[in-house]
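What follows is a single structure, written as structure tokens, with notes after it.
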Amino acid sequence: MEPKIILVDDEPELLNLVHDYLVREGFNVLTEINGIDGLKRIELEKPDLVLLDWMLPGMSGLEICKHLRQTSSIPIIMLTAKSEEVDRVLGLEFGADDYIVKPFSLRELLARIRTVLRRTLSGVQDPNAGVLHRGELTIDGPSHRVWKREVEIQLTPTEFKILQLLAARPGIAYSRLQLLRQAMGEEYLYYERSIDTHVSNLRKKVEDNPAEPIYIQTVFGVGYRFGEPS
């Protein structure tokens, strides 16, 4: 079955160009040109991935991203003309899995889409990538679902990958580069600090007190490890 992508962008020329290219590459692509209609279409169609422009009429891409993250783990790639690091980090903090700065090449966009979909559709290639029970967390690799005290937690594909990777080997410290390479892919190694934003978002969801984490612990000068409560 063709992966379904919804593209929301208010530039007709870009919309048509990306649509035609991705269709030729084997995707089922639906398009919208404003934020309100885009959100409605996403909630109705439940796509495999969303391409979301930052600046949209009616409702911004950031607002859509924030709204979707309250109920959904659909992968989101932000398309943005904002190239400053603070803007890119803001997109990740609102729940985007990735971002690509305009103007971009269609080949680069395709590579990013395939990378994010791989994170979503396949589990970590690890002998422990089944169901993990860690403290009050249950991490189900095959279904990409997480529960805490029997209440399901909505994670983005990137957050899930990081959690699953760390939880598979409690107590083992991973550097940021190791997490990027194993959880996101080689093409993200130049975005080392973006892992901090994903970890921060993950802590807000799985920790009772994100300021004093018991699961996703910082190893100063190294990176992060998973620690079980005693």
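Atom CD of residue Glu159 and atom OG1 of residue Thr197 lie 10.5 Å apart, to the nearest 0.5 angstrom. Between the CZ atom of Arg114 and the CZ atom of Phe27 there is a distance of 5.5 Å, given to the nearest 0.5 Å. Rounding to the nearest 0.5 Å gives a distance of 9.5 Å between OG of Ser73 and NE2 of His144. Summarising the geometry, atom CG belonging to Leu165 is positioned 9.0 Å from atom CZ belonging to Arg169; distances are rounded to the nearest 0.5 Å. If you take CG on Leu22 and CD on Glu2, they are separated by 11.5 Å, rounding to the nearest 0.5 Å. Distance CD1/Ile216 to NE2/His198: 14.0 Å, rounded to 0.5 Å.
Ion pairing of Arg107 with Glu25 is absent here, as no side-chain N (NZ or NE/NH1/NH2) approaches a carboxylate O to less than 4.0 Å.
Looking only at side-chain heavy atoms (C-beta outward), Met78 and Ile100 stay at 4.5 Å or farther from each other. In this structure, Ile162 and Ile195 have side chains that are in contact, with non-hydrogen atoms separated by less than 4.5 Å. Considering only heavy atoms from C-beta on, Leu51 stays 4.5 Å or farther from Ile6 through its side chain. Taking the side chain as every heavy atom from C-beta outward, Asp53 and Thr80 never approach each other to under 4.5 Å. Residues Leu56 and Asn34 have side chains not in contact (no heavy-atom distance under 4.5 Å, counting atoms from C-beta outward). Put simply, the side chain of Lys204 reaches to within 4.5 Å of the side chain of Ser200, judged on heavy atoms. Counting only heavy atoms from C-beta outward, the side chains of Val116 and Ile77 approach each other to under 4.5 Å. Ile153 has its side chain out of reach of Arg145: every pair of non-hydrogen atoms, C-beta onward, lies at least 4.5 Å apart.
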| Is there a side-chain contact (heavy atoms from CB on, under 4.5 Å) between Ile172 and Tyr174 once you walk through the steps? | CA-CA 7 Å; Ile172 301 299; Tyr174 288 82; 4.2 Å; yes

| Can you check side-chain contact (heavy atoms from CB on, under 4.5 Å) on Val50 and Ile5, steps first, answer last? | CA-CA 6 Å; Val50 173; Ile5 294 176; over 6 Å; no

| request: Quick one: do Leu39 and Met59 satisfy side-chain contact (heavy atoms from CB on, under 4.5 Å)? Show the steps, please. | output: CA-CA 9 Å; Leu39 178 58; Met59 188 177 193; 3.8 Å; yes

| message | What verdict does the side-chain contact (heavy atoms from CB on, under 4.5 Å) test give for Val29 and Tyr21, after you've listed the backbone C-alpha separation in whole Å, the side-chain angles of each residue and the deciding distance to 0.1 Å? | response | CA-CA 10 Å; Val29 184; Tyr21 179 78; over 6 Å; no

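Residues Leu15 and Glu32 share a closest heavy-atom pair of CD1-O, 3.9 Å. Taking all atoms of both residues into account, the shortest heavy-atom contact from Gly26 to Pro3 is O-CD, 3.9 Å. The two residues Cys65 and Gly95 have their closest heavy-atom pair at SG-C, 3.7 Å. The two residues Phe94 and Leu62 have their closest heavy-atom pair at CD2-O, 3.4 Å. Closest approach of His19 and Leu7 over heavy atoms only: N-CD2, 4.4 Å. Residues Ala173 and Val222 share a closest heavy-atom pair of CB-CG1, 4.1 Å.
Inspection of the Thr138 and Arg149 side chains reveals no N or O donor paired with an N or O acceptor under 3.5 Å. Side-chain contact of Asp196 with Tyr224: a donor-acceptor pair under 3.5 Å is present, judged by distance alone.
When atom types are taken as modelled, the side chain of Arg134 and the backbone of Ala167 share a donor-acceptor pair closer than 3.5 angstrom. Side-chain atoms of Gln164 never come within 3.5 Å of backbone atoms of Lys161 as a donor-acceptor pair (strictly under, hydrogens ignored). Remark: side-chain polar atoms of Thr218 are not paired, donor with acceptor, to backbone N or O of Phe220 under 3.5 angstrom. The backbone N or O of Val206 sits less than 3.5 Å from a side-chain atom of Lys148, completing a donor-acceptor pair. No donor-acceptor pair closer than 3.5 Å links the side chain of Glu152 to the backbone N or O of Val146. Distance alone, capped at 3.5 Å, is enough to place a donor-acceptor pair between the Asp97 side chain and the Ile76 backbone. Judged by distance alone, with hydrogens and angles left aside, the side-chain atoms of Arg112 form no donor-acceptor pair with the main-chain N or O of Thr115 at under 3.5 Å. The backbone N or O of Ser175 lies less than 3.5 Å from a partner atom in the side chain of Gln178, making a donor-acceptor pair.
Under the side chain to side chain contact (heavy atoms under 4.5 Å, CB included) test applied with Asp9, the options Leu52, Thr31, Leu79 reduce to a single match, Leu79.
Residue Val219 is not grouped with residue Leu202 when hydrophobic side chains (ILVMFWY) are merged at heavy-atom distances under 4.5 angstrom, including chains of intermediate members. Linking Ile, Leu, Val, Met, Phe, Trp and Tyr residues whenever their side-chain heavy atoms come within less than 4.5 Å leaves Trp147 and Leu155 in two separate clusters.
No more than 12 heavy-atom neighbours from other residues, nucleotides or ligands sit within 6.0 angstrom of CD1 on Ile33.
Residues satisfying the salt bridge (charged side-chain N to carboxylate O under 4.0 Å, His left out) criterion with Lys4, sequence neighbours excluded, are Glu45.
Relative orientation of the Phe226 and Tyr215 rings is tilted, given thresholds of 30° and 60° on the angle between their planes.
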